[in-house]
**Student:** 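Below is one structure. I have some questions about it.
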Amino acid sequence: MLFRSCRSPAGVKHHHAHAGGLLEHVVNLLRLADRVAPLYPAVDRDLLLVGVLFHDLGKTLELESERGFSYTDAGQLLGHVLLGLEQLEAKVQAVEARTGRRFDTETALRVKHMVASHHGMYEYGAPKLPMTLEAILLHHLDHMDARMAGVLQVLQNEAAIDGGWTQYQQSLGRKFFRGRT
């Protein structure tokens, strides 16, 4: 499983769509969260960092990365949010079995909520809207990193094209200005 997560892309097309992209995305988010959380003292930094680590865990089962990047059957049928919630519940149960103590119910619920709501809106596949400070912050950091990675990839892919603009990007609804220099 560790090898799979180190090779896993974060997406098939849109962002961090390369071997190791998921790990790159999570590391970026850990760095962002660590820098932004102190600006909001009411945010539980440690809880936010745990949410960052687990928010896309389901992508290790959603996406196949051995023969190119595609969706697994489980990925097509359930998606990474539901798969991630299943994996998270299994990890909570494993901690309880190992320690012989019940995992704190509210902590588990808050982390699961971050996984369930990190897409931020129902139309983007979130089963729930973010309802805690940590979930709201995770959603915005996740969206920012995904969007920036996607645009940077477009700029890199089209670096050799003459002119200061990229081609129109259907998925993003615009062209991007690279500059003329």
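Atoms considered below: every heavy atom in the structure, side chains included; atoms not considered: hydrogens, waters and symmetry mates. For clarity, every value in this text was computed on a predicted model and none was experimentally measured.
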**Student:** What residues, two or more places apart in sequence or in another chain, satisfy side chain to side chain donor-acceptor pair (under 3.5 Å) together with Gln156?
**Tutor:**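 None.
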
**Student:** According to a 4.5 Å side-chain heavy-atom criterion applied to Ile, Leu, Val, Met, Phe, Trp and Tyr, with indirect links allowed, do Leu53 and Met144 form part of one hydrophobic cluster?
**Tutor:** yes

**Student:** Could you tell me the separation between the OH atom of Tyr71 and the CD atom of Glu64, rounded to the nearest 0.5 Å?
**Tutor:** 12.5 Å

**Student:** So, Glu158 and Gln153: side-chain donor and acceptor under 3.5 Å apart, yes or no?
**Tutor:**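 Side chains of Glu158 and Gln153: no pair found under 3.5 Å.
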
**Student:** Can you sort out the partners of Asp34 under salt bridge (Lys or Arg N to Asp or Glu O under 4.0 Å), two or more places apart, ordered by chain and number?
**Tutor:** Arg45

**Student:** Evaluate the side-chain proximity of Lys91 to Phe54: yes if any heavy-atom separation is below 4.5 Å, no if none is.
**Tutor:**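 Yes. Closest side-chain heavy atoms under 4.5 Å.
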
**Student:** Measure across Ala33 and Leu48 and return the closest heavy-atom pair with its distance rounded to 0.1 Å.
**Tutor:** CB-CD2, 3.7 Å

**Student:** Taking all non-hydrogen atoms of both residues into account, name the closest pair between His55 and Val52 and its distance.
**Tutor:**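 Nearest heavy atoms, His55 then Val52: ND1-O, 2.8 Å.
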
**Student:** Checking Asp46 now: which residues fulfil side chain to side chain donor-acceptor pair (under 3.5 Å) with it, not counting sequence neighbours?
**Tutor:** none

**Student:** Is there a path of hydrophobic side-chain contacts, each under 4.5 Å between heavy atoms of I, L, V, M, F, W or Y residues, that connects Ile136 with Leu138?
**Tutor:**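 Ile136 does not cluster with Leu138.
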
**Student:** Test of understanding: clusters of I, L, V, M, F, W, Y form through side-chain heavy atoms closer than 4.5 Å, transitively. Do Val36 and Met148 belong to the same one?
**Tutor:**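 Yes, Val36 and Met148 fall within the same hydrophobic cluster.
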
**Student:** In chain order, what residues pass the side-chain contact (heavy atoms from CB on, under 4.5 Å) check against Met131, with sequence neighbours excluded?
**Tutor:**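 Per chain and number, Met131 pairs via side-chain contact (heavy atoms from CB on, under 4.5 Å) with His113, Lys128.
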
**Student:** Applying ring-ring contact (aromatic ring centres under 6.0 Å, His included), which residue pairs with at least one partner in residues 144-171 are found, sequence neighbours left out?
**Tutor:** Trp165-Phe177

**Student:** Where do Gly125 and Pro127 come nearest, in terms of heavy atoms and distance?
**Tutor:**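 Shortest heavy-atom separation between Gly125 and Pro127 comes out as O-CD, 3.3 Å.
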
**Student:** Looking only at heavy atoms, which two atoms of Glu134 and Asp44 are closest? And how far apart?
**Tutor:** OE2-N, 2.7 Å

**Student:** Kindly indicate, with the supporting measurements, whether the criterion side-chain contact (heavy atoms from CB on, under 4.5 Å) is fulfilled by Val111 and Met114.
**Tutor:** CA-CA 5 Å; Val111 175; Met114 284 188 278; 4.3 Å; yes

**Student:** Can you list the residues that meet the side-chain contact (heavy atoms from CB on, under 4.5 Å) rule with Phe103, with sequence neighbours excluded?
**Tutor:** Val92, Val95, Glu96, Thr107, Ala108

**Student:** Partners of His139 by side-chain contact (heavy atoms from CB on, under 4.5 Å), sequence neighbours excluded?
**Tutor:**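 Result, side-chain contact (heavy atoms from CB on, under 4.5 Å) vs His139: Pro130, His143.
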
**Student:** Under the rule for side-chain contact (heavy atoms from CB on, under 4.5 Å), what residues qualify as partners of Leu129, not counting sequence neighbours?
**Tutor:**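 Once residues adjacent in sequence are excluded, the partners of Leu129 under the side-chain contact (heavy atoms from CB on, under 4.5 Å) criterion are Tyr122.
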
**Student:** So, taking the atom named CG in Leu141 and the one named CZ in Arg35, what distance separates them when rounded to the nearest 0.5 Å?
**Tutor:** 12.5 Å

**Student:** Do Leu57 and Leu88 have side chains that get closer than 4.5 Å, going by heavy atoms?
**Tutor:**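 They are not in contact (no side-chain heavy atoms under 4.5 Å apart), so the answer is no.
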
**Student:** Check whether any side-chain N or O of Thr166 sits under 3.5 Å from a backbone N or O of Lys175 as a donor-acceptor pair, and report yes or no.
**Tutor:**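 Not confirmed, Thr166 side chain does not pair with Lys175 backbone.
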
**Student:** List the residues meeting salt bridge (Lys or Arg N to Asp or Glu O under 4.0 Å) with Glu123, not counting sequence neighbours, and say none if there are none.
**Tutor:** none

**Student:** Answer yes or no: is there a side-chain heavy-atom contact under 4.5 Å between Leu30 and Val26?
**Tutor:**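 They are in contact (side-chain heavy atoms under 4.5 Å apart), so the answer is yes.
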
**Student:** Tell me the ring-ring contact (aromatic ring centres under 6.0 Å, His included) pairs involving residues 29-49, sequence neighbours left out?
**Tutor:** none

**Student:** If the condition is side chain to side chain donor-acceptor pair (under 3.5 Å), which residues does Gln167 pass it with, not counting sequence neighbours?
**Tutor:**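 Listed in chain order: nothing, the list is empty.
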
**Student:** Does Arg178 reach the main-chain N or O of Gly163 with its side chain, forming a donor-acceptor pair under 3.5 Å?
**Tutor:** yes

**Student:** Among the clusters formed by ILVMFWY side chains lying less than 4.5 Å apart, do Leu39 and Leu47 turn up in the same one?
**Tutor:** yes

**Student:** Indicate every side-chain donor-acceptor pair of residues 72-86 with a distance under 3.5 Å to a residue at least two apart or in another chain.
**Tutor:**
| unit_1 | atom_1 | unit_2 | atom_2 | d |
| --- | --- | --- | --- | --- |
| Thr72 | OG1 | Leu61 | O | 2.7 |
| Thr72 | OG1 | Glu62 | O | 3.2 |
| Thr72 | OG1 | Gly75 | N | 2.9 |
| His80 | ND1 | Glu62 | OE1 | 3.4 |
| His80 | NE2 | Asp56 | OD1 | 3.2 |
| His80 | NE2 | His118 | NE2 | 3.3 |
| His80 | NE2 | His119 | NE2 | 3.4 |

